[in-house]
Amino acid sequence: MLWLDISTFTGDYENMAQTNFDNNPRRTAFLIVAAVFCLFCVGCGVSKHPPVEFRYQQEETVKDLQAKNFSYPQTRFVVLSDPHYYHPSLGTSGPDFEAYIRDDRKMLAKSDEILDAAIERVRREKADFILICGDLTKDGEKINHRYIAEKIANLHPSADLYVVPGNHDVANGISRRYTKDRTEPVASVSPEEFKRIYADYGYASCLDADAASLSYVAEPVPGLWVLALDSCLWRENDPGKHPVTDGRFPGQTLKWIEKVLIRARQQEKAVLSFMHHGLMEHYPSNEKYYGQYVVDNSDTLTRLFAAYGVRLVFTGHFHAQDITAKNPEQHTSRVFDVETGSLVTYPCPYRTVAFSGDGTCTIESRFIQSIDSVDTGFPDYARDFAFRGTVELADKALEGYWVSEKGRKILAPQIAEAYVAHLEGNENRPEQVLKAKGTGLMGRIVVFSQKDLVRGWWTDLWPADNRLTIDFKDGSISSDTRH
Ligand SMILES: [Fe+2]
Ligand SMILES: [Fe+2]
């Protein structure tokens, strides 16, 4: 049970805070203790899935293949994530839409304009191909999929485009349109329709596809395979309900991934991957508080990637600019998870990635600076949108825990600062992450039980998040930690 639900920013609702405490102080105390206990249990990480036996763990011929090392060929590409496209014709006014926006602080009403601004910027980039890490639509509406599929054809005059689904994109039970006084369901897409709509963006031209998911592998430039992974659980979505936020790969897909990686080794191809869910934690306590943002098979998949030389995985989902790595001591098998923030959430980024061809990779970040309706000061507008939204959400959650108005006024902006700092990347943690002075007894209880989440958002795991060069040969990194 979580008290502050950032899923309202990403549009994921499984963790909505239960704040309806009744007036019985004993019951309240019990629920607080139970909530704290639950937080610890969430972090226990008991696996519900049987282990998959991989060939690299058992077969000598496959172990021999692992010893070979292929470096990424010279190329340059762009990465975007979470555009959450919402066509204005589905309605951007009326009480129902306003209520939705109040609980969901993405700049959905401006997603069309923001995508136009991104297209204008990305067209000018030198890029051989483009990756979009899922959550293409607000809530899987077929009409939004059709609109965005048409629009992204203009993203670049010559680069190939590859997409994967996000948790919002397929068989979504809450695809809706809004009129002045009503909310009406609209059609979502089946997995087959998703493949048809995005046929030109990976599915038609791929080298191979997984029968158990919407995953595929493609070769955008000679010598480089892009492993596009569908980490979503659309099979578990129910009509009328919010889609499942969590991500996981079934055993069949893990086996298919290994089959592809073996083929890549045999054919001397270097491999990078992209998917919607985080491959690994992006801040301390990420798994404990927001485990649905890290794929369930995190360790298994990271080991599999490390075994076959997949050094880079591009992800989205949490809407933050964050790069993190596993196996940091063993630079020859280190795997980097490069998370890109959402186009419709501050700081509205995209990334450029350049492989030099001699073993280095330079990642840079660009940010949307203006849109048609906010032509000056858009970064401030977007930051304010995210900050004020978080203050309101935090205030509502704290009120549910009987924190006084004075206490809420002290705590909510501190929580919002931490969250926005994490969205930006290169967080610079203050000496004290959450000051409890003046917040009263309930405020201090909340600070005591939740400060590791806020401390986590303020903690930037190695390496830098927005601009860096990785030398895969010796493991060195040079970075620029300015915002
Ligand atoms: Fe998202
Ligand atoms: Fe997502």
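What's counted below: heavy atoms across the whole structure, side chains too, no hydrogens, waters or symmetry copies. Note that this is a predicted model, so its numbers are computed, not measured.
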Side-chain contact, heavy-atom cut-off 4.5 Å: Thr324 with Glu339? no
Side chains of Ser365 and Gln321, donor plus acceptor under 3.5 Å: yes
Could you tell me if Thr362 and Thr469 have a donor-acceptor pair between their side chains, going purely by distance under 3.5 Å? yes
To the nearest 0.5 Å, how far apart are OG in Ser231 and CG in Leu279? 10.0 Å
Under 3.5 Å, is there a donor on one side chain and an acceptor on the other for Glu258 and Tyr308? yes
If you take the centroid of each ring, where Trp contributes its six-membered ring, are Tyr419 and Phe387 closer together than 6.0 Å? no
I'd like to know whether CZ of Arg123 has more than 12 heavy-atom contacts from other residues, nucleotides or ligands below 6.0 angstrom. yes
Exercise: identify the closest heavy-atom pair between Tyr162 and Ala218: CE2-CB, 3.5 Å
Just how far is it from atom OG1 of Thr179 to atom CG of Asp96, taken to the nearest 0.5 Å? 7.5 Å
Using a cut-off of 6.0 Å, state whether more than 12 heavy atoms not belonging to Glu120 lie near its atom CD. no
Could you tell me whether the side chains of Tyr293 and Glu287 share a donor-acceptor contact shorter than 3.5 Å? no
Tell me whether the rings of Trp457 and Tyr290 are parallel (<30°), tilted (30 to 60°) or perpendicular (>60°). parallel
Tyr86/Tyr100 aromatic ring centres below 6.0 Å: no
Look at the rings of Phe77 and Phe129 and say which category their plane angle falls in: under 30° parallel, 30 to 60° tilted, over 60° perpendicular. parallel
Lys/Arg-Asp/Glu bridge criterion (N-O < 4.0 Å) met for Lys106, Asp82: no
Between His319 and His84, a side-chain donor and acceptor under 3.5 Å: yes
State, yes or no, whether a side-chain contact exists between Phe355 and Ser71 at a heavy-atom distance under 4.5 Å. no
Atom pair CG/OG1 of Asp128 and Thr75 - distance to nearest 0.5 Å: 3.5 Å
Using the rule given for salt bridge (Lys or Arg N to Asp or Glu O under 4.0 Å), can you reason through Lys138 versus Glu141, listing the C-alpha separation, both sets of side-chain angles and the distance that settles it, and then say yes or no? CA-CA 7 Å; Lys138 170 183 168 285; Glu141 305 83 357; 3.8 Å; yes
Do Lys473 and Thr360 have a side chain donor and acceptor closer than 3.5 Å? no
Flag for Asp208-Trp256: side-chain donor and acceptor within less than 3.5 Å: yes
With heavy-atom distances below 4.5 Å as the criterion, would you say the side chains of Glu125 and Arg366 are in contact? yes
Indicate yes or no: at least one non-hydrogen side-chain atom of Ile323 is less than 4.5 angstrom from one of Arg351. yes
Beyond-backbone contact of Leu136 with Phe194, side-chain heavy atoms, under 4.5 angstrom: yes
Would you say Glu113 and Ser373 are linked by a side-chain donor-acceptor pair, where the criterion is simply a distance under 3.5 Å? yes
To the nearest 0.5 Å, what is the distance between CG on Leu261 and CZ on Arg263? 11.0 Å
Scanning both residues in full, the closest heavy-atom pair of Asn237 with Pro243 reads OD1-CA, 3.4 Å
Is the number of heavy atoms from other residues, nucleotides or ligands within 6.0 Å of NZ (Lys269) greater than 12? yes
Once rounded to the nearest 0.5 Å, what's the spacing between atom CG of Leu453 and atom CG of Asn286? 9.5 Å
In the structure I gave you, are the side-chain heavy atoms of Lys110 and Val374 within less than 4.5 Å of one another anywhere? yes
What do you reckon, is NZ of Lys126 surrounded by more than 12 foreign heavy atoms closer than 6.0 Å? no
What about Tyr283 and Tyr289, are their ring centers closer than 6.0 Å? no
Could you tell me whether Tyr216 and Tyr203 have their ring centroids closer than 6.0 angstrom? yes
To the nearest 0.5 angstrom, please state how far the CZ atom of Phe314 sits from the CZ atom of Phe274. 10.5 Å
Does either side chain, that of Thr302 or that of Asp299, offer a donor lying less than 3.5 Å from an acceptor on the other one? no
Would the His282 and Phe318 ring centres measure less than 6.0 Å apart? no
Go through it in stages, so that I can follow the logic: the residues are Phe97 and Tyr178, the test is ring-ring contact (aromatic ring centres under 6.0 Å, His included), and I'd like the CA-CA distance, side-chain angles, deciding distance and then a yes or no. CA-CA 6 Å; Phe97 185 76; Tyr178 301 86; 5.3 Å; yes
Is there side-chain contact between Ser188 and Val170, with at least one heavy-atom pair below 4.5 Å? no
Electrostatic pair Lys142:Glu193 at N-O distance under 4.0 angstrom: yes
Give the ring-plane orientation class for Tyr201 versus Tyr198, where under 30° counts as parallel, over 60° as perpendicular and anything between as tilted. tilted
Does Phe472 reach the side chain of Leu312, with side-chain heavy atoms less than 4.5 Å apart? yes
Looking just at side-chain N and O atoms, do Trp225 and Glu219 make a donor-acceptor pair shorter than 3.5 Å? yes
Indicate yes or no: does Lys151 engage Asp112 in a salt bridge with an N to O separation below 4.0 Å. yes
What pair of heavy atoms forms the shortest contact from Asp230 to Leu214, and how long is it? OD2-N, 2.9 Å
Is it true that Ser370 and Asp375 share a donor-acceptor pair across their side chains at a distance under 3.5 Å? no
